[in-house]
Amino acid sequence: MKMIFKGIGKIFRWIWKLISFTRQLIINLLFLIIIGALFFVFSESGKEPELPEQAALVLDLSGPIVEQRSYTSPLDSLTSSAFGNEQAQENVLFDIVETLRTAATDERITGLVLNLRDMQETNLTKLRYIAKALEEFKLSGKPVYAIGDHYKQSQYYLSSYADKIFMSPDGGVLLTGYGSYTLYYKSLFEKLNVNTHVFRVGTYKSFVEPYTLDGMSDQAREANTAWLNQLWGAYTSDVASNRQIEARSLTPELDQFVAELKSVDGDFAKLSQKMGLVDELVSRPQLRQQLIEAFGENDDHSFNQISYYDYQPTVTDTQLPSDNQIAVVVASGAIMDGSQQRGNVGGDTTATLLREARLDDNVKSVILRVDSPGGSAFASEVIRNEVDALKAAGKPVVVSMSSVAASGGYWISASADKIMAQPTTITGSIGIFAILTTFEKGLEKMGIYSDGVGTTPFSGVGVTRELPEGIAEIFQLGIENGYQRFIGLVSQYRDMTIEQADSVAQGRVWTGQDALALGLVDELGDFDDAINSAAELAMLGDDYELRWMAKPLSTAEIFMQQFSSGAKVLFHQLVWGELPEAMQPVTQKVVTDLSTLGNFNDPKGQYAFCINCPDR
């Protein structure tokens, strides 16, 4: 017996040594990652990019295009990695446009090469603003070439503005059009004995549909079809004009497309060339030689070039300091209560920036740049109150709508002096809802019951108990009150009767072009037009400077963000790498859908949010 216990003791000592070794290994790995990150930060911070005397600017965007660079904590970064959502570097829309405009007048830049293979899919409204800068670059007389092995839809849109499009003989152009698809969980919730209680106002307020239906409602299908067709019409019209082809050729019937593909023996590259989408099919060595002939040869036996990421940091603000400032406050992301990091619109955070602009005597007018599908109704009103305070202080407020300014995004815009949208902006969705799930049936099936006493009818309300009918009525009355407040704002500030506001509301999504006709916006225009309007309303003439209002990232936050990028790679491989690749997109979608409500934090549980709106 003594020998048995001695053997067991040895096993436990061996296990403890293994645990200690593993713990020390993990600590040492984290220490090495920190040292490596510190070395990278300090070594890169002192480097200045070398600008050649003559070179083509290569627009080699990698990752998403955003209104404002967000902050992601190391924990969020690791969590996203665990679910397969690798976070690429973000490219600020205004940096891209300003860089292209600077390059157009820079004598060292001899041309532009669009190499967009790593650029993520981007909303058409943002693409059009970049395209405007591309057109301005072309006016300089410098050549613009697009190169790529394959072209996805957003990549091809920008490439269509090039003077010449090159593609690999084994490549192709993938134009899938626009769609609005989501997963529906009604039957799943029934099988799990989950009760979903929905409170809403608005015929078209379809946020709750994935949780209450097994498919899209007729009303949502009608509204989505309308704005999707408008966006696709704008896309095909722009591309057709650039390529001097018929717009309808970009939307062939399936039988027609199959016949065309058969005519070139299934060769997608030849079909793309036949359709007029690309100009020349070339191998990489052939392409390199053509670019050398156009821009000269460098020491690496390639063409003289400088990457966007090396050139952009050299672009400096040429505006002279001025006492007349136009403040720009960016509201990008879901609207949430309280203070939030960049990437979401915090009610308190955004209100603070607007208040700071109001109290600064140098700020004469404000642009509220909105790129949000909405969120918390309470936080939206907190932000809108500061818009009213700015107006009361005599400082005009111009709303510049980006890709999406819907639901809460429209709420915070409603009382501005002027609302400007682009034709392809998605706005409206004026409605409000609340949703509550309870699990009493599932618990009872497992033999778990909730019972007790309380001092009021509200004491026992929770997710473990059936929702009393009277409580449900109270919820619905609150939602109806919120909806009346919403359309009341529209009526008050958009010069409509309540009946007129209600008719254009009902949660329906509109394009900017439709919103103009309905009176929901004042003018069609991009960010440049918003600047001109803000200067005009404040009577500034040409004597002003832009001031971007933002909560800056601290040095510690920047370091931790860079540190996490190394740690998450290992975490991603350990956790996510085990899941079959084919299942990853489905799992990501389910996790996103089921966690959406958990990310909301309205104190009254009332939300103005547009789920079917396109990604920002």
Side-chain angles (χ1 to χ4, degrees), residues 67 123 125 180 182 198-211 217 219-220 223-224 226-227 331-337 340 344-347 350 368-384 387 399 401-416 419 421 425-435 478-491 493-494 501-512 514-515 518 520-521 593 596-597 599-602 604-616:
E67 297 283 328
N123 189 281
T125 303
S180 178
T182 191
V198 172
F199 313 94
R200 67 173 179 175
V201 179
T203 305
Y204 297 90
K205 201 62 189 175
S206 56
F207 177 91
V208 297
E209 288 187 359
Y211 308 98
S217 68
Q219 294 87 348
N224 292 341
W227 64 259
S332 179
I335 300 174
M336 301 176 67
D337 187 36
Q340 302 293 332
N344 286 314
V345 183
T350 306
L368 180 59
R369 177 71 170 182
V370 181
D371 192 33
S372 172
S376 165
F378 179 82
S380 297
E381 180 65 2
V382 168
I383 295 170
R384 198 197 62 77
V387 172
V399 164
M401 291 181 169
S402 182
S403 303
V404 181
S407 286
Y410 188 83
W411 189 312
I412 67 177
S413 307
S415 57
I419 302 177
T425 296
I426 298 302
T427 187
S429 191
I430 299 168
I432 192 168
F433 72 90
I435 186 168
I479 293 301
E480 290 173 2
N481 175 263
Y483 179 73
Q484 290 300 319
R485 288 187 61 209
F486 201 164
I487 63 173
L489 291 173
V490 177
S491 171
Y493 293 104
R494 302 309 304 168
D502 183 46
S503 68
V504 299
Q506 293 292 317
R508 178 156 183 167
V509 171
W510 305 102
T511 63
D514 285 343
L518 295 169
L520 293 175
V521 304
D593 288 347
T596 297
L597 291 177
N599 293 331
F600 288 165
N601 64 346
D602 185 276
K604 294 173 66 177
Q606 297 182 358
Y607 301 101
F609 190 87
C610 177
I611 193 171
N612 284 319
C613 291
D615 293 340
R616 294 170 287 117

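Residue numbers count from 1 along this sequence.
In this structure the side chain of Phe433 never reaches within 4.5 angstrom of the side chain of Val198, judged on heavy atoms. Leu520 places a side-chain heavy atom less than 4.5 Å from the side chain of Ile430. When side chains are defined from C-beta on, Gln506 counts as touching Tyr483, because their heavy atoms get closer than 4.5 Å.
Using modelled atom types, one side-chain atom of Asn224 and one backbone atom of Ala220 make a donor-acceptor pair closer than 3.5 Å. Although no hydrogens or angles enter the test, the distance criterion places a donor-acceptor pair under 3.5 Å between the side chain of Thr425 and the main chain of Ser402. Side-chain N or O atoms of Asn344 include none that pairs as donor or acceptor with a backbone N or O of Gly346 at under 3.5 Å.
Taking each heavy atom of Arg494 and Val521 in turn, the nearest pair found is NH2-C, 3.3 Å. Of all the heavy atoms in Ala331 and Leu368, the pair that sits closest is CB-CD1, 4.3 Å. Summarising the geometry of Ile335 relative to Ser372, their closest heavy-atom pair is CG1-OG, 3.5 Å, with the distance given to 0.1 Å. Listed here is the closest heavy atom pair of Thr427 and Ala405: OG1-O, 2.7 Å. Considering every non-hydrogen atom in both Pro373 and Gly333, the closest pair reads CD-O, 3.9 Å. When all heavy atoms are compared, the tightest approach of Tyr410 to Ile419 is OH-CD1, 4.2 Å.
Going from atom CD of Gln219 over to atom CD of Glu209 covers 7.5 Å, rounded to the nearest 0.5 Å. To the nearest 0.5 angstrom, Ser413 atom OG is 11.0 Å from Arg384 atom CZ. Considering CD1 of Ile426 and CG of Asp371, their distance stands at 11.5 Å, rounded to 0.5 Å. Interatomic distance, Leu489 CG to Ile412 CD1, rounded to the nearest 0.5 Å: 12.5 Å. Interatomic distance, Ser415 OG to Glu381 CD, rounded to the nearest 0.5 Å: 8.0 Å. Separating the CD1 atom in Ile487 from the OG atom in Ser503 is a distance of 9.5 Å, to the nearest 0.5 Å.
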Go through the steps for Ser429 and Arg508 under the test side chain to side chain contact (heavy atoms under 4.5 Å, CB included), then give the verdict. CA-CA 5 Å; Ser429 191; Arg508 178 156 183 167; over 6 Å; no
Please test Trp510 against Trp227 for side chain to side chain contact (heavy atoms under 4.5 Å, CB included), starting from the C-alpha separation and ending with a verdict. CA-CA 6 Å; Trp510 305 102; Trp227 64 259; over 6 Å; no
Please step through side chain to side chain contact (heavy atoms under 4.5 Å, CB included) for the pair Met336 and Ser376, ending with a clear verdict. CA-CA 5 Å; Met336 301 176 67; Ser376 165; 5.6 Å; no
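Residues passing the ring-ring contact (aromatic ring centres under 6.0 Å, His included) test with Phe199 are Phe475, sequence neighbours excluded.
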